[in-house]
Number of protein chains: 2
Amino acid sequence: MAAARTTGPRPAGRRPTIVDVARRAAVSPAAVSKVLRNAYGVSPSMRERVETAVSELGYRPMVSAQSMRTGTRTLGVSSLDPRNPFIPMLLDGVAREARRSAFSALITLTDADGATQLEAARSMVDRQVDGLILITPTMSEDDLVQLAAEVPLVLLGRHGAHPAFDSVASDDALGAALTVDHLVSRGHRRIAFHTQPTRSGGLPEEFREAGYREAVRRHGLQADVVVGEWSAEGGRRLVDELLGRPTPPTAVHAGADMVALAVLDRLLERGGRAPDDLAVAGCDGVPAAALRAVSLTTVDQQAAEMGGLAARLLVERLAGRAEPRHVLVPPQLVVRATT
Amino acid sequence: MAAARTTGPRPAGRRPTIVDVARRAAVSPAAVSKVLRNAYGVSPSMRERVETAVSELGYRPMVSAQSMRTGTRTLGVSSLDPRNPFIPMLLDGVAREARRSAFSALITLTDADGATQLEAARSMVDRQVDGLILITPTMSEDDLVQLAAEVPLVLLGRHGAHPAFDSVASDDALGAALTVDHLVSRGHRRIAFHTQPTRSGGLPEEFREAGYREAVRRHGLQADVVVGEWSAEGGRRLVDELLGRPTPPTAVHAGADMVALAVLDRLLERGGRAPDDLAVAGCDGVPAAALRAVSLTTVDQQAAEMGGLAARLLVERLAGRAEPRHVLVPPQLVVRATT
DNA sequence: CTGAAAGCGCTAACAT
DNA sequence: ATGTTAGCGCTTTCAG
């Protein structure tokens with residue numbers, strides 16, 4: 001089966017090991033190891049013979065065996081459901097940066113439940129990843145600190161002031177403030193905000209709401225926070241709840257684009273239109289928002305940059321940095337037709 | 001640091017090993033191993049003591065060490081860029097089924113280039129995954145066969161008749177035929193099809209084009225295939241090329257939703273509208289197509305089912321199935337406003 | 001039913 | 001500059 005590799009003592013099916021290479025190059029296994037890691041003290045002639053044997057046998061080191069003595073040059077990424085298009089933008093940023101740094105990024109999908117996320121993270125640690133990037137983890141800070149004691153950790157999309165790990169988050173408060181400012185400049189006075197119940201400290205919804213509250217206060221307006229669910233269904237319900245009031249707000253800022261898109265959809269379904277019946281602004285900057293048919297005003301969180309930064313922080317940390325870094329990425333308001 | 005685990009001889013920082021557990025339970029490491037894998041021949045009393053020690057120490061086996069003797073219960077998934085929303089639907093199906101089967105799914109992101117994909121796959125094999133799921137791999141069949149000789153393999157989104165691996169694909173020809181039938185039933189006679197140059201045998205575009213050609217022939221119409229690029233830019237160019245003709249087609253079927261969405265967008269930009277100026281049908285069934293503001297007719301490929309099926313086939317194979325399975329999933333036409 | 005010992009593929013001292 | 005020798009943490013014969 002498969003392309004017949006030269007001769008060699010490969011008993012058809014067994015993967016060649018470092019011993020096979022050593023035998024074929026007539027050197028010791030240790031020598032092969034040295035060549036492969038280009039460690040100090042190998043003669044050109046030996047390097048040559050080893051490299052020949054390696055390519056003739058198609059030898060590839062077994063990472064799990066290496067990992068018993070060294071690292072794996074692998075970053076573990078725990079990700080939320082990528083069907084929320086915000087996630088793939090983060091992942092793309094991480095993967096791109098990992099490639100640049102000659103690390104592999106291994107992604108595992110998990111849901112929003114803290115216990116499941118913790119288990120997913122541990123499972124990657126069991127597999128000897130060198131470090132971990134956790135996307136908006138909802139577990140307790142205690143759990144995070146304990147995890148960070150086992151492996152270098154970067155939080156992506158969660159604000160963290162803790163010295164045990166690094167973090168990259170969007171400046172969520174700023175994003176909400178920019179949105180409110182914009183809506184006010186368009187003449188809106190009754191501006192609602194939609195969020196979800198936060199399950200842990202440091203998550204975006206907390207800072208977005210704070211930013212919103214501070215901004216409306218600054219403009220002398222009254223806060224109007226609707227707590228629902230960050231889902232399509234949550235967005236639909238939001239429209240009905242808002243427009244069902246005696247005096248509905250004239251604008252709403254949803255804490256996530258998935259919600260804002262559903263708001264737009266429900267609005268259309270009811271025969272309404274944004275911004276006339278209700279101005280709508282989202283948050284995330286997902287690609288669908290940019291479609292002309294949708295044209296949703298949103299807060300671009302610079303997801304790719306955030307992901308890349310998270311990977312870079314982790315790589316730096318693995319390279320020896322000791323002081324924690326907590327970065328806030330400034331978001332950008334993208335004004336479109338729905339406001 | 002971290003929650004003080006009882007006492008135990010853990011020298012603060014070192015992860016507990018099977019030897020630590022054995023010592024604490026006053027049994028041999030072999031016994032611990034047996035309990036953990038609930039192998040034959042362990043007394044209830046020993047099981048009890050070992051389990052206590054395990055939880056007291058917070059012991060977790062190191063997968064790389066296990067993997068020197070056994071498998072890892074890990075499925076490797078090589079995925080294309082998930083910013084194409086079709087991909088996350090596949091991944092979700094895979095992840096869900098993996099969880100059901102008590103396997104971990106580890107995902108690595110790669111681009112459409114065959115050599116890069118092969119390297120990504122090999123890299124997962126180096127990490128001792130038990131099997132591999134490759135999403136629309138563009139590498140040569142030779143490469144695939146060689147890979148399949150090293151590890152059980154399932155192609156997802158590539159038609160394969162080869163006995164060396166399993167495959168799950170959408171019945172792409174049927175999807176294109178359904179679309180053409182629908183367009184004809186709406187009175188269209190000049191129906192264009194947009195595809196991209198295929199880089200390897202077995203990829204969807206090949207079968208979609210064949211299905212399209214066969215369908216128009218059946219209806220006594222003339223085939224009109226435009227070869228471009230499956231990207232937003234490709235979609236925009238497609239509109240200009242089509243509407244720039246002396247006698248433009250009245251409908252176009254794009255081989256991917258990403259293209260169809262861009263077609264809609266460019267159409268709007270030119271002041272046109274679907275279906276009046278050009279009927280548009282896509283293929284994939286991405287969520288954005290379902291938004292009322294977009295309402296794109298498309299071929300739902302049942303991505304989640306495809307992904308789940310791929311994972312199930314791989315798990316079956318790992319459980320010992322020897323005969324190859326090649327499954328074609330029937331797609332479903334979802335008619336919306338753009339046609 | 002239980003434990004001692006060998007070894008999986010690799011790297012890191014420690015010789016030479 | 002090269003090779004020898006111990007392990008890394010785990011599983012697996014094979015004795016008892």
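Keep in mind it's a predicted model, so treat the numbers as computed, not measured. First the proteins, then the strands, lettered A, B, ... as listed; each starts at 1.
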Using a 4.0 Å cut-off on heavy atoms, which residues in residues 33-40 of chain A reach DNA chain C? List them by number, or say none. A:Ser33, A:Arg37

Just one of A:Leu109, A:Leu91, A:Thr108 clears the side chain to side chain contact (heavy atoms under 4.5 Å, CB included) bar with B:Ile107, so which one? A:Leu109

Just by distance, with hydrogens left out, do B:Arg127 and A:Ser104 show a side-chain donor and acceptor under 3.5 Å apart? yes

Between A:Thr70 and A:Arg37, a side-chain donor and acceptor under 3.5 Å: no

Over how many whole Å does the gap from [X] atom [atom1] to [N] atom [atom2] extend?
X	N	atom1	atom2	value
A:Arg69	D:dC8	CZ	P	7 Å
A:Arg60	C:dG9	CZ	P	17 Å
A:Gln66	D:dG9	CD	P	17 Å
A:Met62	D:dC8	CE	P	17 Å
A:Ile18	C:dA12	CD1	P	11 Å
A:Asp126	D:dC10	CG	C1'	13 Å
A:Arg14	C:dG7	CZ	P	15 Å
B:Met68	C:dC8	CE	C1'	5 Å

Would you say B:Thr17 places a side-chain N or O within less than 4.0 Å of OP1 or OP2 belonging to D:dG9? no

Taking only side-chain N and O atoms of B:Ser43, does any of them lie within less than 4.0 angstrom of OP1 or OP2 on C:dT2? yes

4.5 Å side-chain heavy-atom contact, A:Leu75 and A:Leu318: yes

If we only count heavy atoms from C-beta on, is the B:Val77 to B:Ile135 side-chain gap below 4.5 Å? yes

Can you measure from CZ (B:Arg317) to CD (B:Glu323) and round to the nearest 0.5 angstrom? 7.5 Å

From B:Arg23 CZ over to B:Ile18 CD1, what is the distance, rounded to the nearest 0.5 angstrom? 12.5 Å

Would you indicate what A:Ala31 reaches in the nucleic acid, counting non-hydrogen atoms under 4.0 angstrom: base, sugar-phosphate, or nothing? sugar-phosphate

Please name all residues satisfying salt bridge (Lys or Arg N to Asp or Glu O under 4.0 Å) with A:Glu316, sequence neighbours left out, ordered by chain then number. A:Arg321

Please compare B:Val42 and A:Val32 by the position of their nearest nucleotide in DNA chain C and report the one closer to 5'. B:Val42

Toward the 5' end of DNA chain C, by each residue's nearest nucleotide, B:Ala26 or B:Ala65: B:Ala26

If the helix axis at each end comes from five base pairs, how far does the helix from C:dC1-D:dG16 to C:dT16-D:dA1 deviate from straight, to 10°? 40°

Donor-acceptor check, side chain of B:Gln117 to backbone of B:Thr138, threshold 3.5 angstrom: yes or no? yes

